[in-house]
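What follows is a single structure, written as structure tokens, with notes after it.
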Amino acid sequence: MSGIESENKKWYKKGLKDGIPIALGYFAVSFTLGIAAKKAGLEPWQAAIMSFAMLASAGEFAVITIIASGSGYLQMFLTTLIVNLRYLLMSCSLSQKLAPDEKLYHRFLISYSVTDEIFGIASNVEGRLNPFYNYGATTIASPAWTIGTFLGAAVGAILPGWAESAFSVALYGMFLAVIIPAAKKNKVIALIVLISFAASFAFCKIPFLSGISEGMKIIILTLVIAALAALIFPIKECKIKSS
């Protein structure tokens, strides 16, 4: 075995190890996502394919919401694009950690596994990022997400009502787990979260707004609130010292 192959194997094993906690979390959350997909009318295999292809909790939940509301394909496409735009920024960030001469196919393969959690562990890698680290994490995380969604859609329907309700609440708990720590650290984010809640509530209760389809509501709220937040609270530029 050459030195490069040995190094890749080492990073792959490290990725597998670091990906275990992510896989466990993915399985639990995707199970509740599968229950939501079943309620929206998706078959277990359809839900599994969606999870394997997208690998994005917020994006998939938005799609399920749109399917359940009966909105069109265009709204589904635009909503998914907007909700998942953050992965473009994450990919740009990770590309800076790769070696300048890294092969193009490695860059494409890594892009598949850019999720919030895998991005987090990959960003904390010291020095250059070896693609096989991401491959290791993805090898265990992606199947856990896909299988969890499938089982949630397949088994969730036969669970007792109380158990199904409990699992369904876990999905919302995941979103709270994402926004609360950030809101506690940053008052601006906390304010934006509260405005988002209030605006979403208004869209449900105000007569001429409540008639808008779920897909368009997500698109409008995301674009308007994100744009206003960027204009009113721009991120201050800082100079990074070269080592």
Within the 4.5 Å heavy-atom criterion, are Glu7 and Phe132 side-chain neighbours or not? no

Roughly how far apart are Ser30 OG and Phe150 CZ, rounded to 0.5 Å? 12.5 Å

Checking side chain to side chain donor-acceptor pair (under 3.5 Å) for the pair Tyr133/Asp18: CA distance, chi angles, key distance, verdict? CA-CA 9 Å; Tyr133 177 77; Asp18 292 349; 2.6 Å; yes

Aromatic ring centroids of Phe108 and Tyr105 under 6.0 Å? no

Heavy-atom nearest pair, Arg107 first then Ala99, reads NH2-O, 3.1 Å

Tell me, do Ile20 and Ile140 make a side-chain contact under 4.5 Å, heavy atoms counted? yes

Checking side chain to side chain contact (heavy atoms under 4.5 Å, CB included) against Met76, which of Leu81, Ile66, Thr65 comes through? Ile66

Hey, does Leu33 have a side-chain heavy atom less than 4.5 Å from the side chain of Val29? no

Parallel, tilted or perpendicular, as decided by the 30° and 60° cut-offs, for the rings of Phe27 and Phe31: tilted

Testing the basics here: between Ser113 and Thr138, what is the closest heavy-atom pair and its distance to 0.1 Å? CB-OG1, 2.7 Å

Would you give the length of the straight line joining atom OH of Tyr87 to atom CG of Leu94, rounded to the nearest 0.5 angstrom? 12.5 Å

Only pairs under 3.5 Å count here: list side-chain donor-acceptor contacts from residues 188-195, not counting sequence neighbours, and write none if there are none.
none

For Asn84 and Gly59 the tightest heavy-atom approach is OD1-CA, 3.7 Å

Pairs involving residues 195-208, ordered by first then second residue, that meet side-chain hydrogen bond (donor to acceptor under 3.5 Å, both in side chains) (sequence neighbours left out): none

Sub-4.5 Å side-chain heavy-atom contact between Met90 and Asp116: yes

Starting at CD1 of Ile64, measure out to CG of Leu42 and round the result to the nearest 0.5 Å. 6.5 Å

Which heavy atom in Gly152 sits nearest to a heavy atom in Ile35, and how many Å separate them? O-CG1, 3.5 Å

Distance from Glu5 atom CD to Tyr12 atom OH, nearest 0.5 Å? 15.0 Å

Donor-acceptor pairs under 3.5 angstrom involving side-chain atoms of residues 44-53: please list them, not counting sequence neighbours.
| from | atom 1 | to | atom 2 | distance (Å) |
| --- | --- | --- | --- | --- |
| Gln46 | OE1 | Glu43 | N | 2.8 |
| Ser51 | OG | Glu60 | OE1 | 2.6 |
| Ser51 | OG | Trp145 | NE1 | 3.3 |
| Ser51 | OG | Thr149 | OG1 | 2.6 |

Value rounded to 0.5 Å, distance of NZ in Lys14 from CG in Asn130: 12.0 Å

Thr115 and Ile22: CA distance, side-chain angles, deciding distance, side-chain contact (heavy atoms from CB on, under 4.5 Å) verdict: CA-CA 10 Å; Thr115 66; Ile22 294 176; 5.6 Å; no

Minimal heavy-atom distance between Ala153 and Lys38, with the atoms involved, is O-CD, 3.4 Å

For the residue pair Ile110 and Leu98, establish whether any side-chain heavy-atom pair is separated by less than 4.5 Å. yes

Can you list the steps and then say if Val83 with Phe61 is a side-chain contact (heavy atoms from CB on, under 4.5 Å)? CA-CA 10 Å; Val83 172; Phe61 183 72; over 6 Å; no

What closest approach, in Å, do Ala40 and Ile67 show between heavy atoms, and which atom pair accounts for it? O-CG2, 3.7 Å

Inter-residue atom distance Leu55.CG - Ser142.OG, 0.5 Å rounding: 5.0 Å

